2 protein chains.
Amino acid sequence: MGHPPQQPPIGLHVSRTAKVLSRAFGRALAQAGGSEPVWLILLALKRNPDSTQRRLADELEIREATLTHHLNGMERDGLITRRRAPENRRVHRITLTDEGQAAFLRLRAAAAEFDRRLRSGISGDELAAVRTVLHRLAENADGAPDPDEAGRPPCFSEERPH
Amino acid sequence: MGHPPQQPPIGLHVSRTAKVLSRAFGRALAQAGGSEPVWLILLALKRNPDSTQRRLADELEIREATLTHHLNGMERDGLITRRRAPENRRVHRITLTDEGQAAFLRLRAAAAEFDRRLRSGISGDELAAVRTVLHRLAENADGAPDPDEAGRPPCFSEERPH
DNA sequence: TATTGTTATACTCTATAACTATA
DNA sequence: TATAGTTATAGAGTATAACAATA
């Protein structure tokens, strides 16, 4: 029959595409004076201003120390301030400065523009279908690693994808 | 103003998925004693044993210096040898050692197993559709900084093979 | 002079472990 | 003791610039 379907593995394809997208996105954000992690952190802060750093790190799927590292840079750049919360002085309340707010708006505009460009010529149905498959790929990658190393008893009650 | 309950931008979705896939793939390759760049380099070497490092780097979308960096590690680990080609002593001929060959086989098995797991529950049609969209996303990200039907000189005759 | 590849250096993102400070 | 966060350190991956060797 036709051609040998010898397509690259789907994981490699996603990964390669992501690399291209990530670089282009990084360039777009850099032109707006930011970077991908800074943008993601600003976004998370906006959506959940009273979260703790631990929860933010979980949300961003990075370690607390990694988040601290980025926050240090953002504080040095004058985008945020950190002070201890009065009611629980272990947690640090993070606040956007005026400059941080401006950066958020700039980066949001750059991200929106980038996304508009990205999806040009792609229908909503196609995008929705891709999202579905991406979800399943992520599930397949994460769950069910290997018989060994698993040792995970089948006892989940609240494993909501998405 | 805007209605916030939107889906995340498609670029972010691809990027986030890729992060999950990449980490899982990295773990799978690490269990087989490798890493993603090493696997990709081994694969490229197998497919094109007589290429130059410059072409390999282009193919892998990394810089020559980056490739040298990885090759140094692979040589240190006994996976490859490098010697100058007799007919053009500027180019280095890269050869897999026996150990490199064994590593290739191990990593190939791990990659195949990972991919099998990854695509479980996803139909061939779905995968094909995703590939198509991924291609277009990469094109949109790379080219056409502003696609407002701007100057697209009609000079391509073979834009989309399928 | 052009091409091939390496070295030196540094940056970004991430991680682990040990630590401080609160509770 | 447990929790929130930081510091110190390291490592992987990448990049740029200057360089050496060869043509």
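Each chain gets a letter, A, B and so on, in the order its sequence line appears, and its residues count up from 1. These numbers come from a predicted model, not from an experiment.
Rounded to an integer number of Å, the gap from CG of B/Leu67 to P of C/dG5 is 9 Å. The nearest whole Å value for the distance from the CZ atom in A/Arg84 to the C1' atom in C/dT22 is 7 Å. Rounded to whole angstrom, the span from the CZ atom of B/Arg90 across to the P atom of D/dT22 amounts to 11 Å. For A/His70 and D/dT6, the NE2 to C1' distance is 15 Å, given to the nearest whole Å.
Applying side-chain contact (heavy atoms from CB on, under 4.5 Å) to A/Gln53 and the options A/Leu67, A/Val91, A/Asp58 leaves one that passes, A/Leu67.
Using a 4.0 Å heavy-atom criterion, one finds that B/His69 contacts the bases of the nucleic acid, with or without backbone contacts as well. When heavy atoms are screened at a 4.0 angstrom cut-off, B/Arg82 is found touching the sugar-phosphate backbone but no base atom. Using a 4.0 Å heavy-atom criterion, one finds that B/Arg54 contacts the bases of the nucleic acid, with or without backbone contacts as well.
Remark: B/Thr52 is in phosphate contact with C/dG5, judged by side-chain N or O atoms under 4.0 Å from OP1 or OP2. The phosphate of C/dT6 (OP1 or OP2) has a side-chain N or O of B/Gln53 nearer than 4.0 angstrom. The phosphate of D/dA4 has neither OP1 nor OP2 within less than 4.0 Å of any side-chain N or O from A/Arg89. For A/Lys19 and D/dT14, the shortest distance from a side-chain N or O to OP1 or OP2 is below 4.0 Å. The shortest distance between the side-chain N/O atoms of A/Arg23 and the OP1/OP2 oxygens of D/dA15 is below 4.0 Å. For the pair A/Thr66 and C/dT14, the criterion of a side-chain N or O lying under 4.0 Å from OP1 or OP2 is not met. Residue A/His92 has a polar side-chain atom (N or O) positioned under 4.0 Å from OP1 or OP2 of D/dT6.
In the set D/dT6, D/dT14, C/dA23, the nucleotide with an atom closest to the side chain of A/Glu64 is D/dT6. Between C/dT14, D/dA23, D/dA15, one nucleotide has an atom nearer to the side chain of B/Asn88 than all others, and that is D/dA23.
Along DNA chain C, the nucleotide nearest B/Asn72 and the nucleotide nearest A/Glu87 are compared for position; the residue whose nucleotide lies closer to the 5' end is B/Asn72. Taking for each of B/Ala65 and A/Ser35 the nucleotide of DNA chain C with the nearest heavy atom, the 5'-most of the two is the partner of B/Ala65.
No side-chain heavy atom of B/Val14 sits less than 4.5 Å from a side-chain heavy atom of A/Leu118.
Atom CG of residue A/Leu12 and atom CG of residue B/Leu43 lie 7.5 Å apart, to the nearest 0.5 angstrom.
We find that A/Glu61 and B/Lys19 are not joined by a salt bridge, their nearest charged nitrogen and carboxylate oxygen being 4.0 Å or further apart. B/Arg136 and B/Glu139 are not joined by a salt bridge, as no carboxylate oxygen comes within less than 4.0 angstrom of a charged side-chain nitrogen.
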